[in-house]
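Heads up, the thing below is written out as C-alpha cells.
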Amino acid sequence: MLNKEKRGWWKSAVFYQVYPKSFQDSNADGIGDLQGLISRLDYLEKLGVDGIWLSPVFASPQYDNGYDISDYRAIDPMFGDVSDMEELIAQAKKRGISIILDLVLNHSSSFHPWFLEAKKSRDNPYHDYYVWRDGEPDTPPNDMRATFGGSAWTYVPEIGQYYFHQFVPEQPDLNWENPAVRRELYDMIRFWVKKGAGGFRLDVIDQIAKEPDKFITGSGPKLHEFLRELSREAFVEEGLVTVGEAWSANVERAKLFSAPDGSEMSMVFQFEHICLAFEGEKWNPVKLNLPALKDCMARWQQGLANCGWNSLFLENHDLPRIVSVWGDEGEHRVASAKMLAIFLHGMQGTPYIYQGQELGMTNVRWPIENYDDIEIRNFYAERTAQGAAPQDVMAAIYARGRDNARTPMQWTTGENAGFTTGKPWLAVNENHAFINAEAALADENSVFYTYQKLIALRKELPVIAEGSFALVDRENSQVFAYRRDLEDAHLLVVCNFAKENVSFEIPAEFAGGKLLIANYGEVQEGCLRPFEAFMLLA
Ligand code: GLC
Ligand code: CA
C-alpha cells in the first residue's frame, strides 16, 4: 500500500473514475448511490486502483447531472447523505483507496441560495457573487454562446440585468473577482479535507478567470493568481492530489498548472489527443491520423518531463467509449481494448480508468427519446430546427454523445446488468449479455486482468513512472511504438492500431527482452496481428 501522506505518491498511482448515477444502485430507485459504490469497493481493490475520482454527488437539481450544485456541503438525497460519504471514505481507506471529490467552482446551480438571493435585487449582498451586465430584453450584452447551445446571457426582468453562464442557464457563473466568493469556496473545500477527502478534481478550472466583455473564458489573465491562492488557502493537507480539467491547456500552460513546487495543482486533464478524434466541432468525427497522435503524445511526454506532470486518459463521462472510437466493436473488441490500455499505461503520468473501460464497454445507438443528456437533447433540437437531417444528427450522437459513457455499469448478464433491481434512470447497453464484470473476473484473459497487470507494473517498475520517452519508427502510420529509459532499464511498448496484420521489426536491442504483458501471448517474428500490443523489457 502506498503511503499517501507522502508528497507525490500519486506519481505511481492509478485512479478510477466513478460516475455515481450509473455505477451501482442499492435501493432499487434505478439510480446509483454511495451505498452501492461502497458495496463495490472490493472489486476496485481487486483491480488495484489507488483512488476514486467521484463525479459530483452534492445536492443538485440535476440539470447537468450534478455539475450544477445547490449545496456544496450536502450530499444529494438520491446518493445518500454526509454519513454515507464518511463511510465511503473510511471503507475506501481500509482498502488503500483515496476518494477524490469533484469540485465545480466555476459555476453553481441557479437554485443555490446564493443565486436565489443574487437575483432579487442589485443591492442584495449576494448579487456580486455572479456576473451581471445591464441590458434590455432581447439584446444581450454580446453574442457569446453557451457551451450547450444558446446565448451565454440570461435576462432577469425584475432587475433589468443579464447574468453570465458558460453552460446552461441553470449553471450561472460564479464571480471569482469577488473575494467573498473565493473565501466561501475555500472554506467549503477545507470542510471536505477535514472529512478525509484524498484530493479533488476541479471542473473546468481554466474557465474561472473570465472577462466576458473581452470574450475571454478559458485562461483569463488572473487565472494563475486565483489558482495559487486556491492552492494555498484550500489544499491545506500534505499529500492531497489535485487534477484540473483544462480544455485550453497546451504544454506551456500545463507547466504552470502542474509545476513540481505544487503551487497550483498536481496535474491537469488536457484534451489535445482527444481532439484528434474530431475536426472542428466535437460532433464531427474523423479517422485517426496515427502520426499526429504520436506527435501529440510525444510533445506532452517530453514537454512535461521533470517540470510538470501528465494525466493519462482516453475516456471520461463526457467522451465516447474508446473501443468505439479507436478500437473495434466487433471481433477484435477485446484485443483492441487491451491494446489501448497498454498504449496508455506505458507512459509517464497518472492514468485514469473510466468505469467500464476495464471491461471494454462500447457506445450505444438509441432513438432520440432514450437519451437523457442535456447536451445531446439541446444539440438535436438546435440542429434539426436548423434543417439538418435527423439521421445525420443521430449519427453524430452515436459517435460522440456523452450518454455513450453514462449507461449503467455492466456487472452481470442478469436483468439490468446487475446495476439495479428497479428501472434504470438510463437504459443498460444490451451487450451486457457478454460484456460484464462477472464474466471478466472469471476469465483470466479478460480486459480486466490486463488493467490489473498494468497497474501492478507501474508500481513494480520505476521506468514506467520515471523513465524518459522516445517514439520508435515515427513514420509508421499503423503501429504506435515507443521506448522508455531509466538508467539500465529499457522498455519497449508496441501497439498495432490497425485492424489487420502489419509487418513490424522489433529493434535489435529488445530481441530476447522479457515479455511483460501482451494481448496475443508470445510475440511473432516480423508481424503484428490486428490490434496486437505488448511490452518488452531489456
Ligand atoms: C465539465 C464536466 C461536464 C459538465 C461541464 C459543466 O466539462 O466534465 O460534465 O457538463 O463541466 O460543468
Ligand atoms: Ca439508488
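Both counts, for ligands and for their atoms, begin at 1 and track the order of listing.
- The shortest separation from a heavy atom of His107 to ligand 1 is under 4.0 Å, placing the residue in contact.
- Looking only at N/O/S atoms, Asp29 comes nearest to the Ca ion (ligand 2) through OD1.
- Of the N and O atoms on the side chains of Asp372 and Trp425, not one donor lies less than 3.5 Å from an acceptor on the other residue.
- Cation-pi geometry between Lys11 and Trp309 is met: the NZ or CZ atom falls under 6.0 Å from the ring centre, inside 45° of the normal.
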Check your understanding: Would Asp173 and Gln207 count as a side-chain hydrogen bond (donor to acceptor under 3.5 Å, both in side chains) if you check the C-alpha gap in whole Å, the side-chain angles of each, and the deciding distance to 0.1 Å?
Key -> CA-CA 9 Å; Asp173 271 61; Gln207 293 175 221; over 6 Å; no
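- At least one heavy atom of Arg402 sits less than 4.0 Å from an atom of ligand 1.
- Looking only at protein heavy atoms, the nearest one to atom 11 (O) of ligand 1 is Asp203 OD1, 2.9 Å.
- Side-chain contact of Glu438 with Trp411: a donor-acceptor pair under 3.5 Å is absent, judged by distance alone.
- Inclusion of Ile31 in the first shell of the Ca ion (ligand 2) is supported: an N, O or S atom falls under 3.0 Å.
- The atom of Asp25 that is an N, O or S and sits closest to the Ca ion (ligand 2) is OD1.
- Residue Asp68 is tested with Ser109, Ser60, Ser108 for a side chain to side chain donor-acceptor pair (under 3.5 Å); the sole match is Ser60.
- Contact annotation for Glu245 and ligand 1: only side-chain heavy atoms (C-beta onward) come within less than 4.0 Å of the ligand.
- Counting heavy atoms under 4.0 Å from ligand 1, residue Arg201 touches it through the side chain alone.
- Here Gln207 has no heavy atoms under 4.0 Å from ligand 1, in either its backbone or its side chain.
- Residue Glu45 qualifies as enclosed at atom CD: its count of foreign heavy atoms under 6.0 Å is above 12.
- For atom 8 (O) of ligand 1, the closest non-hydrogen atom of the protein is Asp318 OD2, 2.5 Å.
- Residue, atom and distance of the protein heavy atom nearest to atom 4 (C) of ligand 1 are Asp64 OD2, 3.3 Å.
- Backbone or side-chain N, O or S atoms of Asn27 reach the Ca ion (ligand 2) at under 3.0 Å.
- Both the sub-6.0 Å distance and the 45° axial angle are not jointly satisfied by Arg133 relative to the ring of Tyr162.
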